[in-house]
Participant: 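So that we are looking at the same thing, I have put the structure below in structure tokens.
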Amino acid sequence: MDTLLLLKAAIMGVVEGLTEFLPISSTGHLILAGSLLGFDDAKAKVFDIAIQTGAIFAVILVYWQKIRATLVALPSQRQAQRFALNVLIGFFPAVLLGLLLGKAIKAHLFTPTVVASTFIIGGFIILWAERRQQGTVRIQSVDDMGPVDALKVGLVQCLAMIPGTSRSGATIIGGMLLGLSRKAATDYSFFLAIPTLIGAGAYSLYKERALLSADDVPLFAVGLVFSFISAWLCVRWLLRYISTHSFTPFAYYRIVFGLVVLATAWTGMVTWAE
């Protein structure tokens with residue numbers, strides 16, 4: 001295996017892990033990073049989706065006590081059953097729309113220009129949501145959510161099919177606009193990511209299996225490991241951060257970063273691969 005290719009896989013893994021659970025779009029960053037690294041062919045697109053599994057393992061590790069307690073109590077306790085049902089309800093819209101629209105979206109919207117534009121739009125939405133949420137919180141914990149709340153957040157998550165939107169950003173900010181506290185929205189976003197990203201990764205690997213061979217195992221392994229490590233560090237940091245801070249800095253980051261990408265594209269300073 002080419003050492004340079006493994007280095008690119010490691011970089012992409014770090015990008016995935018650091019951005020997957022922040023409201024700044026991991027897919028958008030992977031598209032831009034892949035464009036800069038020349039790591040953007042058909043196999044690379046499968047790689048980008050597959051290494052999300054490494055980030056999810058980090059979430060499972062951080063939330064293991066809650067996950068384990070839920071699984072143990074699932075046969076007998078109503079609260080555990082309600083929590084599991086809410087995760088499944090939130091997961092369903094992404095499955096349905098992903099199967100219906102996923103191919104068309106990948107063919108037409110996975111471009112740096114679209115990513116930069118949605119970065120900017122998403123940044124302004126975060127600023128608006130942070131101001132609007134003051135005094136509107138009605139759900140303090142994921143255990144207080146009802147099925148309708150879960151469905152609404154699940155529908156909002158579908159917006160993340162547009163690259164640059166951010167799955168975590170859509171669910172967290174969408175949850176906050178729907179009355180969830182910042183902590184409840186973040187927790188639910190993490191739990192919802194488990195079936196969503198594992199399912200997306202498994203489906204992508206199965207669907208594009210003809211592109212892959214045993215020689216690709218080291219490439220994917222490196223990406224998964226670096227994605228796991230960086231995501232584990234990021235999730236632990238984010239949970240501490242949200243206890244005393246808002247998401248406003250991420251909004252400004254999105255706006256500035258999106259403007260930089262558009263400016264470099266328009267001026268020809270960087271040739272972004274479409």
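Everything numeric in this text was worked out from a predicted model, so none of it was measured. All heavy atoms count here, side chains included; hydrogens, waters and symmetry mates do not.
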Participant: If you measure from CG on L85 to CZ on R82, what distance do you get to the nearest 0.5 Å?
Facilitator: 9.5 Å

Participant: Find the distance between CG (L7) and CG (D2) and round it off to the nearest 0.5 Å.
Facilitator: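 Going from CG on L7 over to CG on D2, the span is 9.5 Å.
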
Participant: Can any side-chain N or O of T165 pair as donor or acceptor with the backbone N or O of A160 at less than 3.5 Å?
Facilitator: no

Participant: Can any side-chain N or O of R182 pair as donor or acceptor with the backbone N or O of I173 at less than 3.5 Å?
Facilitator: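 Such a contact is absent between R182 side chain and I173 backbone.
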
Participant: Counting heavy atoms not belonging to F39, are there more than 12 under 6.0 Å from its CZ?
Facilitator: yes

Participant: Taking K8 for its side chain and L37 for its backbone only, find out whether a donor-acceptor pair lies under 3.5 Å.
Facilitator: yes

Participant: I want to know whether F228 and F57 have ring centres closer than 6.0 Å.
Facilitator: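 Between F228 and F57, the centre distance exceeds or equals 6.0 Å.
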
Participant: Is the closest side-chain heavy-atom distance between C158 and L97 below 4.5 Å?
Facilitator: yes

Participant: Using the ring-ring contact (aromatic ring centres under 6.0 Å, His included) rule, pick out the option among F257, F250, F124 that qualifies with F119.
Facilitator: F257

Participant: According to side chain to side chain donor-acceptor pair (under 3.5 Å), who are the partners of T171, at least two apart in sequence or on a separate chain?
Facilitator: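 Scan of T171 (side chain to side chain donor-acceptor pair (under 3.5 Å), adjacent residues dropped) gives S189.
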
Participant: Within the distance-only criterion (no hydrogens, no angle test), does the side chain of T70 pair as donor or acceptor with the backbone N or O of F83 below 3.5 angstrom?
Facilitator: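 No, the answer is negative, given that no donor and acceptor are paired below the 3.5 Å cut-off.
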
Participant: Over 60° means perpendicular and under 30° means parallel, so classify the ring planes of H29 and Y253, tilted if in between.
Facilitator: parallel

Participant: I'd like to know if the side chain of T267 reaches the main chain of A263, judged simply by a donor and an acceptor atom lying under 3.5 Å from each other, with no hydrogens or angles considered.
Facilitator: yes

Participant: Run D48 and T27 through side-chain contact (heavy atoms from CB on, under 4.5 Å) and show every step you take.
Facilitator: CA-CA 8 Å; D48 290 349; T27 300; over 6 Å; no

Participant: What orientation do H245 and Y241 show, parallel under 30°, tilted 30 to 60°, or perpendicular over 60°?
Facilitator: parallel

Participant: Quick one: do V137 and S181 satisfy side-chain contact (heavy atoms from CB on, under 4.5 Å)? Show the steps, please.
Facilitator: CA-CA 6 Å; V137 175; S181 69; 3.8 Å; yes

Participant: Nearest 0.5 Å, what's the CG-CE distance between L30 and M12?
Facilitator: 4.5 Å

Participant: Main chain of P23, side chain of R254: is a donor-acceptor contact present, judged purely on distance under 3.5 Å?
Facilitator: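 Here the side-chain-to-backbone pair exists.
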
Participant: Which hydrophobic side chains are connected to V260, either touching it within the sub-4.5 Å cutoff or through other members that do?
Facilitator: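 For the cluster that includes V260, the remaining residues are V256.
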
Participant: Determine, for F220 and K43, whether the Lys NZ or Arg CZ falls below 6.0 Å from the six-membered ring centre while staying within 45 degrees of the axis.
Facilitator: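 No cation-pi geometry.
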
Participant: Sequence neighbours left out, what passes side chain to side chain donor-acceptor pair (under 3.5 Å) with S141? Give chain and number order.
Facilitator: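 Applying side chain to side chain donor-acceptor pair (under 3.5 Å) to S141 gives none.
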
Participant: Quick one: pull up CD1 in I126 and CZ in F247 and give me the separation to the nearest 0.5 Å.
Facilitator: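 Here the interatomic distance stands at 8.0 Å.
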
Participant: Do the charged groups of D40 and K45 touch, with an N to O distance under 4.0 Å?
Facilitator: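 Between K45 and D40 there is no salt bridge, as every charged N stays at least 4.0 Å from the carboxylate O atoms.
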
Participant: Is a donor on one side and an acceptor on the other found under 3.5 Å between the side chain of R209 and the backbone of Y206?
Facilitator: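 Confirmed, R209 side chain pairs with Y206 backbone.
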
Participant: Let me confirm one number: the CG-CZ distance from D144 to R138, rounded to the nearest 0.5 Å.
Facilitator: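 Interatomic distance, D144 CG to R138 CZ, rounded to 0.5 Å: 10.5 Å.
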
Participant: For side-chain contact (heavy atoms from CB on, under 4.5 Å), just list the numbers for L99 and Y203, CA-CA rounded to whole Å, side-chain angles, deciding distance to a tenth of an Å, and then say yes or no.
Facilitator: CA-CA 10 Å; L99 292 174; Y203 178 72; 4.0 Å; yes

Participant: Please confirm whether the backbone N or O of S213 pairs with a side-chain atom of D216, one donor and one acceptor, at under 3.5 Å?
Facilitator: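 Looks like yes, one N/O pair under 3.5 Å.
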
Participant: If you measure from the Lys or Arg side-chain nitrogens to the Asp or Glu carboxylate oxygens, is any gap between K66 and D143 under 4.0 Å?
Facilitator: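 Looking at D143 together with K66, the answer is yes, because their closest N to O distance falls below 4.0 Å.
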
Participant: Is the shortest heavy-atom distance from the side chain of P195 to the side chain of V87 under 4.5 Å?
Facilitator: yes

Participant: Counting only N and O atoms by type, is there a donor-acceptor contact under 3.5 Å from the side chain of R167 to the main-chain atoms of T196?
Facilitator: no

Participant: For the side chain of Q81 and the backbone of L74, is there at least one donor-acceptor N/O pair under 3.5 Å apart?
Facilitator: yes

Participant: Are a donor atom and an acceptor atom from the side chains of D149 and Y188 found within less than 3.5 Å of each other?
Facilitator: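 Absent: no donor and acceptor within the cut-off.
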
Participant: Just checking, is any N or O donor in the side chain of T113 or T111 under 3.5 Å from an acceptor N or O on the other one?
Facilitator: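 T113 vs T111: no donor-acceptor pair found between side chains.
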
Participant: Indicate whether any N or O donor in one side chain lies under 3.5 Å from an N or O acceptor in the other, for S246 and T248.
Facilitator: yes

Participant: Please walk me through it: do K152 and V148 pass side-chain contact (heavy atoms from CB on, under 4.5 Å)?
Facilitator: CA-CA 6 Å; K152 289 178 179 178; V148 175; 3.7 Å; yes

Participant: When rounded to the nearest 0.5 angstrom, what distance separates CD1 in I255 from CD1 in I121?
Facilitator: 11.0 Å

